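Notes follow the structure.
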Amino acid sequence: MFFWLSEKEKYNITSYAFSYFMTSDLGVYDSVVKAIKMVKPKKVRKDGSLKISKSTLLELQLRVKNML
């Protein structure tokens with residue numbers, strides 16, 4: 001089951017992900033995943049997989065890329 005993210009949550013995740021991308025040696029995907037774990041830890045299962053759809057994950061990655 002997937003859960004939706006509000007625009008505010010997407011903005012926060014994008015902001016953190018961009019910060020991680022620029023200050024560490026992470027790619028866009030890894031930065032987004034790390035930001036999701038930071039902003040919305042309830043969106044991560046115990047095995048480490050995310051509770052968001054692939055389309056939402058792709059949208060978040062594109063938002064980070066658009067900030068460059």
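Computed from a prediction, not measured in an experiment: that's the story for all the values here. Basis for what follows: all heavy atoms, side chains included, without hydrogens, waters or symmetry-related copies.
- Leu50 and Tyr11 are assigned to two separate hydrophobic clusters, defined by single-linkage of ILVMFWY side chains at heavy-atom distances under 4.5 Å.
- Residue Leu57 is grouped with residue Met67 when hydrophobic side chains (ILVMFWY) are merged at heavy-atom distances under 4.5 angstrom, including chains of intermediate members.
- Sorted by first then second residue, the salt bridge (charged side-chain N to carboxylate O under 4.0 Å, His left out) pairs that include residues 58-68, not counting sequence neighbours, are Glu7-Arg63, Lys10-Glu59, Glu59-Arg63.
- Within 6.0 Å of the CE atom in Met22, the count of heavy atoms belonging to other residues, nucleotides or ligands does not exceed 12.
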**OP:** Let me see the working for Phe21 and Val28 under side-chain contact (heavy atoms from CB on, under 4.5 Å), right down to the final yes or no.
**Re:** CA-CA 6 Å; Phe21 178 74; Val28 174; 3.7 Å; yes
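- Taking every heavy atom of both residues into account, Ile13 and Val32 meet most closely at CG2-O, 4.3 Å.
- Taking all atoms of both residues into account, the shortest heavy-atom contact from Phe18 to Val64 is CD1-O, 4.1 Å.
- With rounding to the nearest 0.5 angstrom, the CD1 atom of Ile36 is 3.5 Å from the CD1 atom of Ile52.
- Within the 4.5 Å cutoff, the side chain of Thr56 has heavy atoms near those of the Ser53 side chain.
- Pairs passing the side-chain hydrogen bond (donor to acceptor under 3.5 Å, both in side chains) check and including a residue from residues 24-41, sequence neighbours excluded, read Glu9-Lys40.
- Tracing side-chain contacts under 4.5 Å through hydrophobic residues (I, L, V, M, F, W, Y), one never reaches Leu5 starting from Leu58; they form parts of separate clusters.
- Residue Tyr20 is not grouped with residue Leu62 when hydrophobic side chains (ILVMFWY) are merged at heavy-atom distances under 4.5 angstrom, including chains of intermediate members.
- Partners of Lys8 under the side-chain contact (heavy atoms from CB on, under 4.5 Å) rule, at least two apart in sequence or in another chain, are Ser6, Asn12.
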